[in-house]
Amino acid sequence: MSTAGRSAWAELRGRFSAADPGLLRFTAGLRTVTSIALTLAVLAALRTGVTHLVAGAIAAMVATFAIREKGRPEQAVTLALGLPVALASMSLGALLNARVVMGDLFFVALIFCAVYSRRFGDRGTALGLIGFQIYFASLFVHATVAALPGLYLTITVAFGCAAVARFVLVRETAAGILDRLRRAFRARLARLVSAQAELLDAGPDELDRAVEEVRVRTARLHETALLIQGRLTDGTSDEAVARLVQRRIADAEIAAERLGLLLLTARSTERADTLTLHLPGARLPPAVGEPVRDEAMERLRLDLEALRLLVLRPGGPGKGTALARLRNRLLGYREGENLPAASPAVQDVFRGIGEAGRAVLGLRIALDGPQDESDDTPATSRSREELDAEDAAIEGVEEGEREKAPEPTGLRRPTTRAAVQVAVGSSLAVVGGEFLSAQRWYWAVLTCWIVFLNTASTGEILVKGYRRLLGTVLGVVAGILLAGLVGHHTWTAFGLVLLFIFAMFYSAPVSYTLMSFFVTAMLGLLYTLLNTYSLDVLVLRVAETALGAVCGVIAAAVVLPVHTDRRTDDLLVKTLDRLADVTRAAADQLAGAPPVDLVEKARDLDQALADLATALQPLTHPITPLRSRRDTARYVVALLETCAYHARSLAATAELLPTHPAIAADPRLRGAGRRIVHNIEAITAHVVDDGSQAEIETGPSIASMLEPGTLRAPRYGRVTDRVLRHLQRLDESVTGLARPLGVPVRRPAP
C-alpha cells in the first residue's frame, strides 16, 4: 500500500475509532450477527424447517447479547449454565402453551425472577435474560410438546455456535478491548485538538459553531476516559499499571480541556467563562472579533498541528527525529523557553500546549513503554524525570479502605422493587394484551419488561416507553415496505434480518428509538418467514407496544414508586459529596498534607455526575412540558460539570507536588478550600432537607484571600499561581448553584 493509501486508511480508522470508542458497538453487532449466521448455516445443513431457523436465530442472539461478563472464563461458565436454563424454559413454554391461565401466571413469575436475578450480578442478569427470552421465543414460534426434540437440537446448536463466535471467530479479551479504547482516546484527543485549531481561526460568524464543536469533542473525550476507567482492572497486567494508565489518561484529558479554555480566553477580550464549554447555547462575549493574523498566532496554529501529530503518530526507534524535535519544542514552552512576544493570554496558550505535550509524553510512556531519549533537550529530560518521579509516587500511595454504604433490604432493594413493579405491570399487560389479541398478547408483556431494564425512576420509564413506541411505529412502516419487497424469498429475508440485528446492536447505546425501529423492521421480516405477515399484525404490534409501555408506567407510578425528583435528589447529593471529597483532599494536599489517591476520587466524581445527568434525562427531554424545570436542570448540570473540571484540575496539580522541582505547597490553600467545601456541604444539606438552616458563605475573592491584588495570569512558579484560577472558578460555580437550588446566601458583614 502506498504512503497516501496508508495515511488515508489511518485517517479512516481514526475517525471510526473516535465515533465508536474501542469498537465496542461494532464488535457487539458483529459477534451477534456471526453467531446467528453460523447457527442458520448449521441448521440449514441439517435441513430444518423455517420455524426452527427462526427459533435458532433468536436463541443464538440471546446466547450472545445476554452475556456481559468481562473475563473469558466467566463468560464460558455463564454460557454453559445458560443452555440448561434455555432448554428448561423452552420445555415449560411448550407444556404451558395450551394452558392459558397457568401459562400466564408462570410467565409473570418468570419475569419477576428474571428481574430479581439482577441482584446476583452479571451472571444472574444473563441467566434471567436467557430464561425470559427463550420462553418468549417458544410463544413466538408456537412451540408444542411434539416439537420439543427438534427445538432442543436447535437451541443446542445455537448455543454452540454462539460459543464458537465468541471464543474463536470474534475473539475479544479485556486487554484487547482496553487497547482499542486507548487508540480511541488518542483519536478523540487528536480530533479535539483539531477542533481547537478551528476555533482559533473561526471568524465572528463561525465562532458559535466552532465553540459547539469543541464542546462536543470535549464531552466525547471524557466519555472515552470513563469507558477506559471501567476496563482498567481487567485489561492491565496488575493494579499498579492500571493506576498509572488511569493517571495518564486523566492528565491528558485535563490538559486538553484546559487548553481549550486558554484558547477561548485568547480569542476574547474578557476572560472566557468555563460554562462556555459546558452549557449548551452559551456564547462568547460579543467583543470577540476576527482572528488575529500576527506572527505569534501563526506559530500557535503550527504548534497545535504539531501537538495533534504527537498524539496520533507512533513513537519509538526508527521513527526519525522530526517528531522528537516537535516534542522538544512544545515541552520547552512549559518552562517559558522560546515564548513569542505576545499578550499574556496568548503566552498562556503556548504554556498550555507545553503542558498538553507533557501529558501526551506521559500517556505514550504509560501505553507504549520506554521511549528513545537520545534526542531529548534539557526541558524534555526534566519532563521525563517528573513523570518517573510521579510514577514512583503513584506506586507508593496506598489505597485506603472505602466505606461501603449499607445495602438496602427487603422491598427497598432496587432489584426487589423493580421485580415487583414489572410483575404487576406484566400482569396488567397480560390482561390487556389478551383483549387485543389472544395469539400475540405477549408483545405487550415484552414491552413492559423491556422498559424496566436499566431504569430506576418513573420518569426514566416514561421516556423509554415513549422512545420504544416511536421506534415501533417507524419500524412498522419499514416492515410493511420490506415484507412486500422480499415476499417469500427466505434467504434474502434472513440476510436483511442479519443486517437489522447488526444495526440494532450498533445503534442501541446511541439511540433507543433507532434500536426499536430495527427490532420492529426485523420482526416484520420474521413474520413474513413464518407466513403470519399482514398489515393487521403489524398494526397490532404498535397497539401492544403502546399498551405495554402504559402498563409499565402505571406500575412504576403506583407500585413502590421511585419518583424522578427523589432519584435525582439522591444522585445530586452523591455528586456533591464526591465534589466535596475531591476539593477537600486536593486543598489539603496542596497545603502540604500527605498524598492520597486523588485521581480515584476524581473519577468517582465523574461517574456520579454521569449518573446524575442520565437520571435527569426525563426532565431535560424535549417533550417535557415543564420548560422552567428543564432549563434549571440543564443549568445545574452545567455548573456541576464546571465544578468537576476545576476539581479534577486541582487534583492533578496536587499530585505534582511531591515530585515537581519548581513548585512547593502553600499552607494558605487549606483555608481557601475550606470555604468552598463548607458551601458544598450547605447545598447538600438543603437538598437533603428543605428546612435546613445552612447558608452559603460569600466574601472576598479567593485571590484576595491569598494575597493582595486581583486575579491575574498565572506565573507558573508557585503552586498558588497554578491553582488560583481553578479555585476562583470553583468558588464562583459552587456559589452559583445556590440560586437554582434555593439555598440562602449569607452576606459578609460590612
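Hydrogens, waters and symmetry mates play no part in the numbers below; they use all other heavy atoms, side chains included.
In this structure, the separation between CD1 on Ile353 and CD on Glu355 is 11.5 Å, given to the nearest 0.5 Å. Considering CG of Asp604 and CG of Leu609, their distance stands at 12.5 Å, rounded to 0.5 Å. To the nearest 0.5 Å, the span separating OG1 on Thr684 from CG on Asp689 amounts to 12.5 Å. Note that NE2 of His646 is 11.0 Å distant from CG of Asp731, once rounded to the nearest 0.5 Å. Rounding to the nearest 0.5 Å places OG of Ser733 at 12.0 Å from CG of Asn679. Note that NE2 of His678 and CD1 of Ile683 are 10.0 Å apart. Values are rounded to the nearest 0.5 Å.
Using a 4.5 Å heavy-atom threshold, the side chains of Thr224 and Ile249 count as separate. You'll find the side chain of His686 reaches within 4.5 Å of the side chain of Pro744, heavy atoms only. Two residues are said to be in side-chain contact when any heavy atoms from C-beta on lie closer than 4.5 Å; Ile696 and Leu737 fail this criterion. Between His726 and Tyr645 there is a side-chain heavy-atom pair separated by less than 4.5 Å. The shortest side-chain heavy-atom distance between Val311 and Leu363 does not fall under the 4.5 Å cut-off. The shortest side-chain heavy-atom distance between Leu263 and Val214 does not fall under the 4.5 Å cut-off.
At least one donor-acceptor pair closer than 3.5 Å links the side chain of Gln196 to the backbone N or O of Ala256. Judged purely by atom type and a 3.5 angstrom limit, Arg364 uses its side chain to pair as donor or acceptor with the backbone of Leu310.
For Asp588, the salt bridge (Lys or Arg N to Asp or Glu O under 4.0 Å) criterion is met by Arg670, not counting sequence neighbours. Every side-chain contact (heavy atoms from CB on, under 4.5 Å) that Thr27 has, sequence neighbours left out, goes to Leu23, Arg31, Val170, Glu172, Arg180. By the side-chain contact (heavy atoms from CB on, under 4.5 Å) test, Ala28 is found to be paired with no residue, residues two or more places apart in sequence or in another chain being considered. With sequence neighbours left out, Glu213 forms a side chain to side chain donor-acceptor pair (under 3.5 Å) with Arg217. With sequence neighbours left out, Gln75 forms a side chain to side chain donor-acceptor pair (under 3.5 Å) with Arg166. Residues passing the side chain to side chain donor-acceptor pair (under 3.5 Å) test with Arg68: none are found, sequence neighbours excluded. In terms of the side chain to side chain donor-acceptor pair (under 3.5 Å) criterion, residue partners of His222 (sequence neighbours excluded) are, by chain and number, Glu253. For Glu74, the side-chain contact (heavy atoms from CB on, under 4.5 Å) criterion is met by Glu69, Arg123, not counting sequence neighbours. With sequence neighbours excluded, the residues forming a side-chain contact (heavy atoms from CB on, under 4.5 Å) with Arg739 are Tyr635, listed by chain and number.
Salt bridge annotation for Glu732-Arg729: present, with a cationic side-chain nitrogen under 4.0 angstrom from a carboxylate oxygen. Under 4.0 Å is where a charged nitrogen must lie from a carboxylate oxygen, and between Arg248 and Asp251 at least one such pair does.
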Donor-acceptor list for residues 574-582 side chains, cut-off 3.5 Å, not counting sequence neighbours:
{"unit_1": "Thr575", "atom_1": "OG1", "unit_2": "Leu571", "atom_2": "O", "d": "2.9"}
{"unit_1": "Thr575", "atom_1": "OG1", "unit_2": "Ala608", "atom_2": "O", "d": "3.3"}
{"unit_1": "Asp581", "atom_1": "OD1", "unit_2": "Arg584", "atom_2": "NH1", "d": "3.4"}

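Nearest heavy-atom pair, Ala252 versus Ala359, reported as atom, atom and distance to 0.1 Å: CA-CB, 3.7 Å. Nearest heavy-atom pair, Arg118 versus Thr125, reported as atom, atom and distance to 0.1 Å: CA-OG1, 3.4 Å. Nearest approach of Leu616 to Ala633, heavy atoms of both residues: CD2-CB, 4.2 Å. Minimum interatomic distance between Gly352 and Leu259 (heavy atoms only, all atoms of both residues): C-CD1, 4.0 Å. When every heavy atom of Val360 is checked against every heavy atom of Leu189, the shortest pair comes out as CG2-CD2, 4.4 Å. Between Ala647 and Leu605, the shortest heavy-atom contact is CB-CD2, 4.1 Å.
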CA sep, side-chain torsions, deciding dist, call: Leu312, Arg308, side-chain contact (heavy atoms from CB on, under 4.5 Å): CA-CA 6 Å; Leu312 288 177; Arg308 191 184 73 86; 3.3 Å; yes
For a side-chain contact (heavy atoms from CB on, under 4.5 Å) check, start with the C-alpha distance between Leu598 and Leu650, then their side-chain angles and the critical distance, and finish with the verdict. CA-CA 9 Å; Leu598 287 171; Leu650 289 173; over 6 Å; no
Applying side-chain contact (heavy atoms from CB on, under 4.5 Å), run through Val734 and Thr583 and close with a yes or a no. CA-CA 11 Å; Val734 170; Thr583 305; over 6 Å; no
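Sorted by first and then second residue, the salt bridge (charged side-chain N to carboxylate O under 4.0 Å, His left out) pairs involving residues 605-617 (not counting sequence neighbours) are Arg603-Asp606, Asp606-Arg648.
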